[in-house]
2 protein chains.
Amino acid sequence: MKRKTQVNIYDVAKELGVSISTVSRALNDNPKISEKTKKRVKKAADKLGFKKNILASGLMTNKTKIIGVIVPYINREFFAQAINSIEMTAFDLGYKVMICQSADSLERERINIDTLISSRVDGIIMSLSLETNDWSHLQRAIDMGIPIVFFDRVCYDIEHSTKIMVDNFSAAYRATSHLIEKGHKRIGHIGGFMKIKIFQERFNGYKKALNDNNIPLDETIVKETHLTKDDCNKAVKDILDLENPPSAVFCANNLTAITAIFYAQSIGMNVPGDLAVIGFSVDPFATLMKPSLTAVEQPSKEMGKLATERLVEELNGLAEEKATIYGKIILDTKLVVRESS
Amino acid sequence: MKRKTQVNIYDVAKELGVSISTVSRALNDNPKISEKTKKRVKKAADKLGFKKNILASGLMTNKTKIIGVIVPYINREFFAQAINSIEMTAFDLGYKVMICQSADSLERERINIDTLISSRVDGIIMSLSLETNDWSHLQRAIDMGIPIVFFDRVCYDIEHSTKIMVDNFSAAYRATSHLIEKGHKRIGHIGGFMKIKIFQERFNGYKKALNDNNIPLDETIVKETHLTKDDCNKAVKDILDLENPPSAVFCANNLTAITAIFYAQSIGMNVPGDLAVIGFSVDPFATLMKPSLTAVEQPSKEMGKLATERLVEELNGLAEEKATIYGKIILDTKLVVRESS
DNA sequence: TTGTAAGCGTTATCAA
DNA sequence: TTGATAACGCTTACAA
């Protein structure tokens with residue numbers, strides 16, 4: 001079955017005996033067209049099954065109404081929530097989303113950026129891959145007039161861009177302090193990849209809290225992970241199998257926290273009695289599980305929504321040639337204390 | 001900052017003193033172009049920062065290399081897994097994905113379809129919304145030459161399309177039989193929206209298993225839900241708060257199963273002692289929780305991968321004007337027995 | 001092996 | 001308020 005050549009404005013124009021410009025204008029609600037013809041045109045278009053070819057209009061207008069999105073993995077809870085919110089918000093604002101996964105690979109991130117540029121997306125919302133240590137591909141997009149809004153794993157080294165994040169340092173400081181207030185003196189930390197700013201900051205907040213309470217940092221109960229299942233498992237075991245395991249652990253993400261709780265239980269430790277656990281981010285299971293998980297709640301959906309709204313504002317500003325003020329937007333986290341601590 | 005007009009093949013051609021067709025051909029690896037010029041062209045293109053405008057090329061070729069995807073919600077575990085796999089597979093095959101959420105609304109699904117048509121996606125992969133009881137919008141896409149591959153919540157009423165699913169009836173039959181073998185005589189069922197085929201089939205499999213074992217169906221321990229959190233909570237409570245609650249429950253999705261387990265525990269029931277629970281679908285949490293969850297595992301990633309591969313095959317077939325054989329692809333489920341039963 | 005020119009389906013710029 | 005026509009940036013016969 002050969003792809004049928006589709007109905008275009010010429011067909012509609014012919015049907016009505018008007019010019020294609022009239023059809024185009026009517027379909028775009030141009031004020032210079034009378035209501036009567038608008039109605040006629042729209043009706044005929046519907047009848048013929050006309051669907052505007054966005055490739056053609058995008059070619060002319062230099063706008064596609066597509067937002068490119070790059071995240072490490074779609075199926076990580078935090079990103080799934082953020083993307084859900086991005087798509088919903090984009091939909092409301094009349095945008096579509098083209099979603100790419102970097103799989104935490106710089107190479108893939110580069111390819112994704114190139115693809116999005118080639119697709120002439122109007123703007124990009126992204127969270128950096130773990131490997132990203134060079135920003136030239138991002139700068140290239142911005143130089144081509146495609147604004148980028150970063151969220152969560154933001155890029156500090158790119159100036160003309162909005163960055164949406166939480167105060168990871170303070171959140172970690174608060175979480176650790178909470179454990180200290182509960183009387184813990186030996187507190188471990190299972191973090192993310194330390195080359196990434198947000199995980200550094202979480203680590204720094206943890207260190208500062210210890211320091212402010214005169215608790216020495218013990219490197220043997222601090223682990224770095226790439227947030228994969230295997231990594232988390234290993235880190236948890238490394239720490240809990242020690243002869244002298246910590247009595248509490250602050251985890252830089254929820255997968256680790258949940259893994260820690262179940263592993264602790266499986267080796268006969270009581271949570272929170274023998275081990276208090278704090279996670280990071282939102283997870284539907286945090287409230288369901290036993291014990292329920294104390295966690296620093298990151299507003300994933302709000303971040304997605306805000307990123308989208310912000311990007312669209314920038315896009316509109318660009319169109320009106322208004323100068324954009326770029327900057328950081330820091331959202332509040334909540335330390336939600338539940339049973340695991 | 002005005003959007004800079006971007007580098008095009010004219011710029012590249014001028015730089016080298018060749019024609020635009022040579023540039024175009026070289027960039028597309030046309031065999032009629034000498035290796036030498038190909039190299040020169042590609043180098044110059046790189047140097048000038050040329051990025052092919054896919055809008056323009058798509059307009060000519062009638063191909064965008066975009067796959068449209070419509071799912072109810074991106075942030076439901078099953079769909080997040082499927083989409084992860086769809087994007088990965090599409091990436092490998094040189095396709096991009098435009099992802100839409102129907103939010104289980106027919107109205108939104110219609111809008112999404114229209115948007116995807118306007119975007120001239122090459123094909124569509126989708127899972128129906130709960131409300132979808134009319135297929136004209138889907139038929140329209142197919143009639144326009146945009147093939148649709150359905151997965152999970154497939155549409156039986158559209159003939160020229162591939163459908164990828166699991167045998168829900170048999171899976172449910174097996175799950176229920178497993179509970180019966182364990183000695184249960186009073187088995188509840190918390191299902192999905194019964195207007196949807198897959199949930200009907202799960203219910204039917206459950207009924208058949210009861211029937212084959214001479215267990216009468218008790219409507220008071222059968223509940224229908226829309227798979228939302230609130231719905232699941234209510235259904236679980238309705239059943240477990242009965243004076244005469246079931247000793248086992250087969251849930252049509254995992255959220256319900258997990259909710260059931262935790263609620264049962266919270267009211268002092270022992271799982272699986274007082275209540276055995278079986279879920280449906282894959283969830284990272286199923287293995288982690290205590291007790292771990294017995295579940296019918298749906299191969300979400302395989303479904304996504306297969307759907308994408310299948311769609312691309314159809315697309316290639318279309319290009320070569322080969323007739324496509326459409327049909328159902330039924331993937332196996334696994335009943336993974338864990339602690340909750 | 002390369003160049004010329006037509007055309008894809010829109011929007012935009014003039015005129016009328 | 002409408003119409004003719006030139007773009008937009010590419011691919012692709014057809015010529016050379």
Side-chain angles (χ1 to χ4, degrees), chain A residues 2-41 44-45 48-66 117-120 122 144-145 319, chain B residues 2-42 44-45 48-66 117-122 144-145 319:
Chain A
K2 196 177 155 189
R3 187 172 188 135
K4 285 187 206 106
T5 178
Q6 293 160 355
V7 182
N8 58 25
I9 49 174
Y10 285 88
D11 298 320
V12 180
K14 203 184 298 167
E15 170 87 5
L16 294 172
V18 298
S19 75
I20 57 162
S21 2
T22 302
V23 174
S24 172
R25 283 192 270 249
L27 258 21
N28 289 322
D29 274 325
N30 184 311
K32 307 206 155 201
I33 295 283
S34 72
E35 281 306 321
K36 205 190 298 174
T37 31
K38 267 187 201 172
K39 275 209 184 107
R40 281 181 64 216
V41 169
L48 297 179
F50 170 83
K51 302 281 167 197
K52 184 203 276 196
N53 186 328
I54 297 198
L55 301 179
S57 72
L59 192 53
M60 274 304 293
T61 58
N62 219 0
K63 283 200 189 70
T64 51
K65 291 279 189 173
I66 301 178
I117 292 178
S118 264
S119 302
R120 297 300 192 260
D122 290 342
M144 288 187 73
Chain B
K2 195 177 156 189
R3 187 172 187 135
K4 283 186 206 107
T5 179
Q6 294 160 354
V7 183
N8 58 25
I9 50 173
Y10 286 88
D11 299 321
V12 180
K14 203 183 297 167
E15 170 87 5
L16 294 172
V18 297
S19 75
I20 57 162
S21 25
T22 301
V23 174
S24 171
R25 285 193 269 249
L27 259 19
N28 289 322
D29 273 325
N30 184 313
K32 308 207 155 202
I33 296 283
S34 73
E35 282 305 321
K36 204 189 298 172
T37 30
K38 268 186 200 171
K39 274 206 185 109
R40 282 181 61 217
V41 170
K42 285 180 185 174
L48 298 178
F50 170 83
K51 301 282 167 197
K52 183 202 277 194
N53 185 328
I54 298 197
L55 301 179
S57 69
L59 194 51
M60 271 305 292
T61 57
N62 218 2
K63 284 201 189 68
T64 51
K65 291 278 187 174
I66 301 177
I117 292 178
S118 264
S119 301
R120 297 300 192 261
V121 298
D122 290 343
M144 288 187 73

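Below, read A as the first sequence line, B as the second, and so on, with proteins coming before strands; counting in each chain starts at 1. Every heavy atom of this structure was used, including side-chain atoms; hydrogens, water molecules and symmetry mates were not.
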Task: S19(B) side-chain N/O to dT4(C) phosphate OP1/OP2 under 4.0 Å - done: no

- [ ] Compute the angle between the rotation axes at the two ends of the helix from dT1(C)-dA16(D) to dA16(C)-dT1(D), each taken over five pairs, rounded to 10 degrees.
- [x] 40°

Open item on the list: Once rounded to the nearest 0.5 Å, what's the spacing between atom CD1 of I117(A) and atom CD of Q6(B)?
Closed with: 8.0 Å

Open item on the list: Please list, in numerical order, the residues of residues 31-41 of chain A that have a heavy atom closer than 4.0 Å to any atom of DNA chain D.
Closed with: K32(A), I33(A), S34(A), T37(A)

Open item on the list: Please enumerate all residues that pass side-chain hydrogen bond (donor to acceptor under 3.5 Å, both in side chains) together with K39(A), with sequence neighbours excluded.
Closed with: none

Open item on the list: I need the CZ-C1' distance between R120(A) and dT11(C), as an integer number of Å.
Closed with: 18 Å

Task: salt bridge (Lys or Arg N to Asp or Glu O under 4.0 Å) partners of K65(A), counting only residues at least two apart - done: none

Task: Whole-Å gap separating C1' (dT2(C)) and CG (N30(B)) - done: 11 Å

- [ ] Identify, with sequence neighbours excluded, every residue that meets side-chain hydrogen bond (donor to acceptor under 3.5 Å, both in side chains) alongside S24(A).
- [x] none

- [ ] Could you tell me whether the phosphate oxygens of dT11(D), OP1 or OP2, come under 4.0 Å of any side-chain nitrogen or oxygen in K63(B)?
- [x] no

Open item on the list: Does anything in residues 52-61 of chain A form a side chain to side chain donor-acceptor pair (under 3.5 Å)? List the pairs, not counting sequence neighbours.
Closed with: N28(A)-K52(A)

- [ ] Rounded to the nearest angstrom, tell me the gap between atom CD in Q6(A) and atom P in dG9(C).
- [x] 8 Å

Task: Under the side-chain contact (heavy atoms from CB on, under 4.5 Å) test, residues paired with T22(A) that sit two or more places apart - done: V18(A), S19(A), I33(A)

Open item on the list: Between dA12(C) and T61(A), counting only base atoms on the nucleotide and side-chain atoms on the residue, is there a donor-acceptor pair under 3.5 Å?
Closed with: no

TODO: Taking only the side-chain nitrogens and oxygens of N28(B), find out if one of them lies under 4.0 Å from OP1 or OP2 of dT11(D).
DONE: yes

Task: Pairs touching residues 11-27 of chain A that satisfy salt bridge (Lys or Arg N to Asp or Glu O under 4.0 Å), sequence neighbours left out - done: E15(A)-K47(A)

Open item on the list: It should be established whether N8(B) places a side-chain nitrogen or oxygen under 4.0 Å from OP1 or OP2 of nucleotide dG9(D).
Closed with: yes

TODO: Could you tell me the separation between the CG atom of L55(B) and the P atom of dT11(D), rounded to a whole number of Å?
DONE: 12 Å

Task: Nearest-nucleotide comparison on DNA chain D, the residue closer to the 5′ end among A56(B) and V23(A) - done: V23(A)

- [ ] Could you please name the option among dT11(C), dT2(C), dC8(C) that lies closest to any side-chain atom of T22(B)?
- [x] dT2(C)

- [ ] Starting from the 5' end of DNA chain C, give me the residue, K52(A) or Y10(B), whose nearest nucleotide shows up first.
- [x] Y10(B)

- [ ] Drop me the distance from T64(A)'s OG1 to D122(A)'s CG, to the nearest 0.5 angstrom.
- [x] 4.0 Å

Open item on the list: Taking any heavy-atom pair under 4.0 Å as a contact, classify I20(B): base, sugar-phosphate, or nothing.
Closed with: base

Open item on the list: Test of understanding: with side-chain hydrogen bond (donor to acceptor under 3.5 Å, both in side chains), list the residues that count as partners of T37(A), not counting sequence neighbours.
Closed with: S34(A)

TODO: Could you pull out all residues at least two apart from K51(B) that satisfy side-chain hydrogen bond (donor to acceptor under 3.5 Å, both in side chains)?
DONE: D114(A)

Task: Whole-Å distance separating the CG atom of L59(B) from the C1' atom of dA6(C) - done: 13 Å

TODO: For residues A44(A) and V12(A), report the shortest heavy-atom separation together with the two atoms involved.
DONE: CB-CG1, 4.3 Å

TODO: Could you check how far CE of M60(B) sits from P of dA6(C), rounded to whole Å?
DONE: 13 Å

Open item on the list: Could you work out, with side-chain contact (heavy atoms from CB on, under 4.5 Å) as the rule, every residue matching S119(A), not counting sequence neighbours?
Closed with: M98(A), T115(A), V121(A), I54(B), K96(B)

Task: Closest to side chain of S57(B), choosing from dT10(C), dT11(D), dT12(D) - done: dT11(D)

Task: Rounded distance in Å - CD1 (I9(A)) to C1' (dA12(C)) - done: 12 Å

- [ ] Using whole Å, report how far CG of N62(A) lies from C1' of dC10(D).
- [x] 14 Å

Open item on the list: Does any part of the side chain of F50(A), heavy atoms only, come nearer than 4.5 Å to the side chain of L27(A), both counted from C-beta?
Closed with: yes

Open item on the list: What's S24(A) touching, base or sugar-phosphate or nothing? Going by heavy atoms closer than 4.0 Å.
Closed with: base

Can you pull every protein N or O that's under 3.5 Å from an N or O on nucleotides 14-16 of chain D?
none

